[in-house]
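Please read these numbers as outputs of a predicted model, since none were measured by experiment. Hydrogens, waters and symmetry mates play no part in the numbers below; they use all other heavy atoms, side chains included. All residue numbers in this chain count up from 1 along the given sequence.
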Amino acid sequence: MVQFDWQIVETAEYSHDTEPSFVTLTTRSYLTITGHAPNRTRDPEFQAKADVVKAVAAKISKGPGAGIMIDRYRSYRPYPLQAVWSGGDTIDDRHDFKLWVKQPLFVKSEYAKQALTQLNLGELGDQVAFENLAEGTEIQSFSATPLTNSSQAVQTLTDAVSELGLEQVHQDSHREVYIDGYGPDVAALLRFEIDPAVGKIDAGRMAVN
């Protein structure tokens with residue numbers, strides 16, 4: 001049994017709710033890799049790079065059991081894969097991606113390097129980075145079906161942004177969090193980054209981490 005499970009502890013941040021909610025996510029450490037996928041989550045490049053970054057995250061999560069002597073280690077469930085898609089005006093047109101996998105606070109860059117050395121993933125492994133990043137403030141809605149321009153989650157968030165007088169920070173990108181796993185046809189938690197100083201944000205539906 002793991003000591004920390006995001007599926008239990010961070011349910012507001014990783015929500016299956018279709019009703020809009022908000023998250024403010026401060027700077028944390030992430031494993032990242034970038035790519036271009038004309039067929040989005042069906043694309044072989046997306047699949048290959050997702051497999052690589054998740055393999056590194058899984059190796060780190062084993063800690064001492066994998067020979068990675070992490071200071072103040074406690075067992076945990078590896079965080080889900082997420083992707084920032086960009087490069088087009090609509091979701092269907094956004095083919096450039098950056099994959100993120102969040103790491104616990106006690107995971108440092110040297111542990112990622114150890115995991116990469118053990119796994120020996122070749123050229124793709126060389127593309128994995130360890131970065132400190134902040135998501136900022138986002139509005140989110142869960143989609144039980146793969147995201148397209150016509151998905152209900154897209155309309156839900158678009159309507160909420162308009163009705164609440166919110167302002168999207170980036171009109172040409174969005175985030176997808178694959179909380180139920182990733183693959184060719186996956187459900188996703190959709191997030192739009194918004195300016196926290198503009199409009200009416202429901203503080204009662206805000207998760208801060």
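At a threshold of 4.5 Å between non-hydrogen side-chain atoms, the residues P104 and Y76 count as touching. Between E13 and K102, some side-chain heavy-atom pair lies under the 4.5 Å cut-off. A heavy-atom distance below 4.5 Å is not found between the side chains of Y73 and I68. Within the 4.5 Å cutoff, no side-chain heavy atoms of D195 are placed close to those of T137. Taking 4.5 Å as the limit, some side-chain heavy atom of T156 sits within range of a side-chain heavy atom of P20. A heavy-atom distance below 4.5 Å is not found between the side chains of W100 and V53. T26 places none of its side-chain heavy atoms less than 4.5 Å from the side chain of N209. Looking at I139 and L166, their side chains come closer than 4.5 Å, going by heavy atoms from C-beta outward.
In this structure, D96 has no salt bridge (charged side-chain N to carboxylate O under 4.0 Å, His left out) partners at least two apart in sequence or on a different chain. Qualifying side chain to side chain contact (heavy atoms under 4.5 Å, CB included) partners for E123, counting only residues two or more places apart in sequence or in other chains: Q127. Remark: T90 engages D92, D93, N149 in a side chain to side chain contact (heavy atoms under 4.5 Å, CB included) (not counting sequence neighbours). Applying the salt bridge (charged side-chain N to carboxylate O under 4.0 Å, His left out) rule to E45 yields the partners K49; only residues at least two apart in sequence or on another chain are considered. For the side chain to side chain contact (heavy atoms under 4.5 Å, CB included) test, residues two or more places apart in sequence or in another chain that qualify with V154 are I91, L147, S151, T158, L190. With sequence neighbours excluded, the residues that form a salt bridge (charged side-chain N to carboxylate O under 4.0 Å, His left out) with E135 are R175, R191. For R205, the salt bridge (charged side-chain N to carboxylate O under 4.0 Å, His left out) partners two or more places apart in sequence, or in a different chain, are D17. Under the side chain to side chain contact (heavy atoms under 4.5 Å, CB included) criterion, A58 pairs with no residue, sequence neighbours left out. Qualifying side chain to side chain donor-acceptor pair (under 3.5 Å) partners for E19, counting only residues two or more places apart in sequence or in other chains: none. S173 pairs by the side chain to side chain donor-acceptor pair (under 3.5 Å) definition with nothing, not counting sequence neighbours.
There is no side-chain donor-acceptor pair under 3.5 Å between Q168 and H170. Between the side chains of Y14 and Q140, not a single donor N or O lies within less than 3.5 Å of an accepting N or O. When only modelled atom types and interatomic distance are considered, D89 and Q171 share no side-chain donor-acceptor pair under 3.5 Å. Using a 3.5 Å distance cut-off with no hydrogens or angles, the side chains of N132 and Y30 do not pair a donor with an acceptor.
The pair E131-R28 fails the salt-bridge criterion, with no side-chain N (NZ, NE, NH1 or NH2) lying under 4.0 Å from an Asp/Glu carboxylate O.
Ring planes of Y79 and F4: tilted class, angle from 30 to 60°.
Linking Ile, Leu, Val, Met, Phe, Trp and Tyr whenever their side-chain heavy atoms come within less than 4.5 Å leaves V52 and V84 in two separate clusters. Hydrophobic clustering (side-chain heavy atoms under 4.5 Å, transitive across Ile, Leu, Val, Met, Phe, Trp, Tyr) keeps V198 apart from V169.
The distance from the NE2 atom of H95 to the OG atom of S86 is 11.0 Å, given to the nearest 0.5 Å. Atom CG in D51 sits 9.5 Å away from atom CG in L124 (nearest 0.5 Å). L133 CG to K98 NZ: the interatomic distance, rounded to the nearest 0.5 Å, is 5.0 Å. The CG atom of L189 sits 11.0 Å away from atom OH of Y178, with the distance rounded to the nearest 0.5 Å. Of the inter-residue distances, the one linking S61 atom OG with K54 atom NZ reads 8.5 Å to the nearest 0.5 angstrom. Once rounded to the nearest 0.5 Å, the distance linking CD1 of I194 with CZ of F192 reads 11.0 Å.
Cluster note: V23 groups with L25 through ILVMFWY side-chain heavy atoms spaced under 4.5 Å, whether in direct contact or through intervening members.
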Next on the checklist: Using the rule given for side chain to side chain contact (heavy atoms under 4.5 Å, CB included), can you reason through T24 versus F22, listing the C-alpha separation, both sets of side-chain angles and the distance that settles it, and then say yes or no?
Outcome noted: CA-CA 7 Å; T24 293; F22 301 88; over 6 Å; no
Item to check | Audit row: F142, D180, side chain to side chain contact (heavy atoms under 4.5 Å, CB included) steps and yes/no | outcome: CA-CA 11 Å; F142 183 73; D180 295 327; 3.6 Å; yes
What pairs of donor and acceptor atoms, side-chain ones from residues 109-121 against any protein atom, are under 3.5 angstrom apart with sequence neighbours left out?
{"unit_1": "Y111", "atom_1": "OH", "unit_2": "D71", "atom_2": "N", "d": "3.2"}
{"unit_1": "T117", "atom_1": "OG1", "unit_2": "K113", "atom_2": "O", "d": "3.0"}
{"unit_1": "Q118", "atom_1": "NE2", "unit_2": "A66", "atom_2": "O", "d": "2.8"}

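When all heavy atoms of D43 and A37 are compared, the closest pair comes out as CB-CB, 3.4 Å.
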